[in-house]
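Source: prediction; values computed, not measured. Nothing fancy with the numbering, it's 1 onward along the sequence. Every number for a ligand or one of its atoms is a count from 1 in the order of the listing.
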Amino acid sequence: MIVDVYPKQQRPLPNFQLFKDVQVRGVPRPQPLGSYHAVQHIGGFTFTAPRRPNVRAIQATLMTVHVTDAAGKPARFVPWYGALAHAIFFHVGTLDYFHTHVCAPGASGCTSLIAGARVTGRSSAPGKLTIGILLPTAGTWKLFLQSKPNGKLVTAPYVLKAR
Ligand SMILES: [Cu+2]
């Protein structure tokens with residue numbers, strides 16, 4: 001369970017988490033992590049990401065994903081909770097968490113900061129999401145990229161190895 005909240009303030013906020021353990025009954029059924037797929041067809045849209053993303057811990061990286069509709073036209077992203085896309089990362093094993101946004105030009109709240117590095121996610125054209133990736137540690141991360149292309153909520157999963 002994640003509760004993701006931010007204080008209302010003007011300055012960008014460093015990525016941080018507060019933890020508390022929760023007891024859950026029952027036997028967990030592990031799901032396979034999956035692997036990285038550059039091209040994915042989800043909800044009637046095609047998500048095309050780099051063939052080999054190059055991600056390193058504590059280093060700002062931009063990853064551009066192109067989204068087209070069933071007719072092959074660039075999708076129009078409808079703002080959702082203040083951003084054109086939400087990129088939510090979980091570190092496999094430790095469940096470290098990183099959450100960043102892709103914003104329309106001129107919008108605020110899309111800059112991430114870790115250890116002096118910073119990166120900003122932008123969308124400068126229809127169908128194009130440039131995610132600012134800034135992960136705190138190396139290892140395997142699962143990214144859920146959530147957006148509303150043409151008004152429909154779609155989540156695209158990616159498995160990323162950060163060196
Ligand atoms: Cu978000």
Side-chain angles (χ1 to χ4, degrees), residues 1-20 22 31 33-34 36-37 40 42-50 53 55-69 74-137 139-162:
M1 182 175 74
I2 294 169
V3 180
D4 195 336
V5 295
Y6 298 87
K8 187 174 183 181
Q9 61 175 29
Q10 297 298 314
R11 293 178 294 118
L13 195 67
N15 188 57
F16 74 97
Q17 289 86 43
L18 301 172
F19 291 95
K20 180 160 179 45
V22 177
Q31 301 292 315
L33 179 67
Y36 180 81
H37 296 284
Q40 300 186 69
I42 304 167
F45 296 90
T46 299
F47 286 71
T48 306
V55 181
R56 288 165 187 268
I58 327 268
Q59 269 188 35
T61 307
L62 296 173
M63 178 171 134
T64 296
V65 177
H66 293 274
V67 184
T68 52
D69 65 15
R76 299 188 61 83
F77 297 106
V78 174
W80 189 58
Y81 286 108
L84 295 184
H86 301 254
I88 299 154
F89 300 76
F90 297 90
H91 190 286
V92 174
T94 65
L95 298 182
D96 283 344
Y97 171 76
F98 175 67
H99 182 163
T100 190
H101 296 131
V102 178
C103 286
S108 63
C110 292
T111 298
S112 300
L113 304 166
I114 293 177
R118 65 164 58 209
V119 68
T120 302
R122 291 274 175 234
S123 177
S124 56
K128 185 178 174 188
L129 297 172
T130 301
I131 308 160
I133 300 178
L134 187 46
L135 298 171
T137 54
T140 304
W141 292 78
K142 186 129 186 186
L143 158 63
F144 296 95
L145 178 64
Q146 244 178 2
S147 61
K148 268 195 160 178
N150 299 351
K152 182 180 181 184
L153 181 62
V154 179
T155 304
Y158 295 93
V159 175
L160 297 171
K161 304 240 194 270

For the Cu ion (ligand 1) the protein N, O or S atom count under 2.8 Å stands at 3
- [ ] Determine the interplanar angle of the His86 and Tyr81 rings, folded into 0 to 90°, and report it as parallel if under 30°, tilted if 30 to 60°, perpendicular if over 60°.
- [x] perpendicular
Can you tell me how the ring of Phe98 sits relative to the ring of Phe89, calling it parallel under 30°, perpendicular over 60° and tilted otherwise?
tilted
Looking only at heavy atoms, the pair that brings Asp96 and Trp141 closest together is O-CZ3, 3.5 Å
Shortest non-hydrogen pair, Leu84 vs Cys103, comes out as CD1-C, 4.1 Å
Worksheet entry | Validation row: Val159, Thr140 side chains within 4.5 angstrom (heavy atoms) | yes
Neighbour count >12 (heavy atoms, 6.0 Å) for atom NZ, Lys128
no
